[in-house]
Amino acid sequence: MQEGEVVKTFRAGGVDTIFRYPRQDDLDAFIEMHLTLTREKVMCRRLTLDRESGGRMLAAILDGLKQDNGTYILVEQKGELVGEGFADRSGYHYHTVGLALIGRVRGTGIGTELMWTLEEECRRLGGKRLHLTVFAANEAGIHVYEKVGYRECGRRPSWVELDDGSECDLIDMTKILATG
């Protein structure tokens, strides 16, 4: 794995889309992407990053990639970062997976393709069992996860408080990777 190395290119929503590893000079775009995700109230991401905190986060991601502790993939379209996906080692052959996409690229197939790519990255890292959590209110996310083979294995009732003050369940989902 090299900083900035392209993992995959494809067309999504009629736009050339690049999955790649981050690089140090992504800092400003990385911060802007997270500000957009926060502004759009994306359920899984609420980070208020500045150059200092964003720099620390990006440095930790790059360090983790160098040590092969997991993977972190940025989604780029037309030179702009529009999403991210990660898989962190969480035990022997276990990985915790997650992703976030800005609003205008959701529904274009990027989420599904990113999940398949994260699965391949987990295989490369020796992963056999994948886990994620998703808000029950995130029906589109649940659809993508089920589409790529994740199954609900647990539920934490009323675990998440939404912005409107209502509560929703947090769903645990798993997938066992096929061998061979």
Side-chain angles (χ1 to χ4, degrees), residues 1-13 15-27 29-30 33-34 37 42-45 47 49 54 56-77 79-102 105-135 138 140-153 171-180:
M1 185 293 307
Q2 296 291 323
E3 280 191 30
E5 180 182 338
V6 172
V7 176
K8 180 179 285 188
T9 59
F10 64 102
R11 290 190 63 78
V15 179
D16 290 334
T17 303
I18 299 167
F19 289 171
R20 66 173 177 80
Y21 299 119
R23 54 184 183 251
Q24 189 60 48
D25 67 357
D26 282 324
L27 181 58
F30 181 79
M33 176 188 65
H34 280 278
L37 291 168
V42 173
M43 293 180 191
C44 60
R45 284 290 189 220
L47 299 173
L49 299 177
R56 282 193 311 269
M57 185 175 173
L58 187 56
I61 289 166
L62 292 171
D63 187 51
L65 287 170
K66 287 177 188 168
Q67 296 178 31
D68 251 357
N69 287 333
T71 193
Y72 194 96
I73 296 173
L74 292 173
V75 181
E76 183 178 324
Q77 287 186 333
E80 178 187 3
L81 298 181
V82 296
E84 63 186 358
F86 69 86
D88 294 325
R89 287 182 201 259
S90 54
Y92 184 69
H93 296 296
Y94 296 87
H95 285 80
T96 300
V97 177
L99 64 85
L101 299 171
I102 66 172
V105 302
R106 285 185 225 128
T108 63
I110 292 173
T112 301
E113 193 65 34
L114 188 52
M115 290 303 293
W116 290 124
T117 302
L118 290 170
E119 187 174 304
E120 288 306 310
E121 287 283 287
C122 288
R123 276 192 181 94
R124 178 182 66 78
L125 295 166
K128 295 181 181 177
R129 290 171 174 80
L130 308 182
H131 171 264
L132 61 83
T133 58
V134 59
F135 293 6
N138 184 355
I142 292 167
H143 172 75
V144 168
Y145 303 142
E146 288 176 339
K147 181 177 173 180
V148 299
Y150 282 78
R151 297 292 169 251
E152 183 175 332
C153 65
I171 301 171
D172 290 293
M173 301 183 83
T174 59
K175 180 176 182 175
I176 296 174
L177 296 178
T179 57

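Starting from 1, each residue takes its place in the sequence as its number. Heavy-atom basis, side chains included; hydrogens, waters and symmetry copies ignored.
Residues satisfying the salt bridge (charged side-chain N to carboxylate O under 4.0 Å, His left out) criterion with K8, sequence neighbours excluded, are E113. Partners of F19 under the ring-ring contact (aromatic ring centres under 6.0 Å, His included) rule, at least two apart in sequence or in another chain, are F10.
Contact check for Y94 versus K128: no side-chain heavy atoms found under the 4.5 Å cut-off. Residues L62 and Q24 meet the side-chain proximity criterion, which asks for heavy atoms closer than 4.5 Å. Contact annotation: the side chain of M115 never approaches that of K147 to less than 4.5 Å [non-hydrogen atoms, C-beta and beyond]. With contacts defined as side-chain heavy-atom distances shorter than 4.5 Å, the pair F30/L49 qualifies. At least one side-chain heavy atom of I102 sits under 4.5 Å from a side-chain heavy atom of L37. Side-chain contact between T9 and D16 is absent, with no heavy atoms from C-beta onward closer than 4.5 Å. You'll find the side chain of M173 reaches within 4.5 Å of the side chain of V134, heavy atoms only. Between R20 and E5, the closest side-chain pair of non-hydrogen atoms is not below 4.5 Å.
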For this session: Check the pair V97, H131 against side chain to side chain contact (heavy atoms under 4.5 Å, CB included), reporting the backbone distance first and the verdict last.
Result: CA-CA 6 Å; V97 177; H131 171 264; over 6 Å; no
For this session: Test salt bridge (charged side-chain N to carboxylate O under 4.0 Å, His left out) on E119 and R123 and set out the steps.
Result: CA-CA 6 Å; E119 187 174 304; R123 276 192 181 94; 3.1 Å; yes
For this session: May I have the step-by-step check of side chain to side chain contact (heavy atoms under 4.5 Å, CB included) for Y150 and L132, ending in yes or no?
Result: CA-CA 9 Å; Y150 282 78; L132 61 83; 3.5 Å; yes
For this session: Check the pair E80, V82 against side chain to side chain contact (heavy atoms under 4.5 Å, CB included), reporting the backbone distance first and the verdict last.
Result: CA-CA 6 Å; E80 178 187 3; V82 296; 4.2 Å; yes
Exercise. Which is it for L101 and V75 under the side chain to side chain contact (heavy atoms under 4.5 Å, CB included) test, yes or no, and what are the steps along the way?
Worked result: CA-CA 8 Å; L101 299 171; V75 181; 4.3 Å; yes
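Electrostatic pairing of R151 and E146 does not count as a salt bridge here, judged by no charged N lying under 4.0 Å from a carboxylate O. Ion pair R124/D68 flagged as a salt bridge, since at least one NZ, NE, NH1 or NH2 atom sits closer than 4.0 Å to an Asp/Glu carboxylate oxygen.
Remark: side-chain polar atoms of D26 are not paired, donor with acceptor, to backbone N or O of A29 under 3.5 angstrom. At least one donor-acceptor pair under 3.5 Å links the side chain of H93 to the backbone N or O of G126. Distance alone, capped at 3.5 Å, is enough to place a donor-acceptor pair between the K175 side chain and the V148 backbone. Of the possible donor and acceptor atoms, one in the side chain of T17 sits under 3.5 Å from a partner among the backbone N and O of V15.
Considering every non-hydrogen atom in both G98 and L118, the closest pair reads O-CD1, 3.8 Å. Smallest separation of non-hydrogen atoms from T71 and L125: N-CD1, 4.1 Å. Shortest non-hydrogen contact noted between G111 and L99 is O-CD2, 3.9 Å. Taking both residues in full, the closest heavy atoms of E3 and R23 are given as OE1-CA, 3.4 Å, listed atom of the first, atom of the second, then distance. Taking all atoms of both residues into account, the shortest heavy-atom contact from A12 to T108 is CB-O, 3.8 Å. V7 and E121 get closest at one heavy-atom pair: CG1-OE2, 4.5 Å.
The CD1 atom of I73 lies 12.0 Å from the CD1 atom of I61; values are rounded to the nearest 0.5 Å. Separation of atoms OG1 (T112) and CD1 (I110) is listed at 10.0 Å; rounding is to 0.5 Å. Considering SG of C122 and CG of L177, their distance stands at 6.5 Å, rounded to 0.5 Å.
In this structure, a donor-acceptor pair under 3.5 Å is absent between the side chains of D88 and H95.
Within a 6.0 Å radius of CD in Q2, other residues, nucleotides and ligands contribute 12 heavy atoms or fewer.
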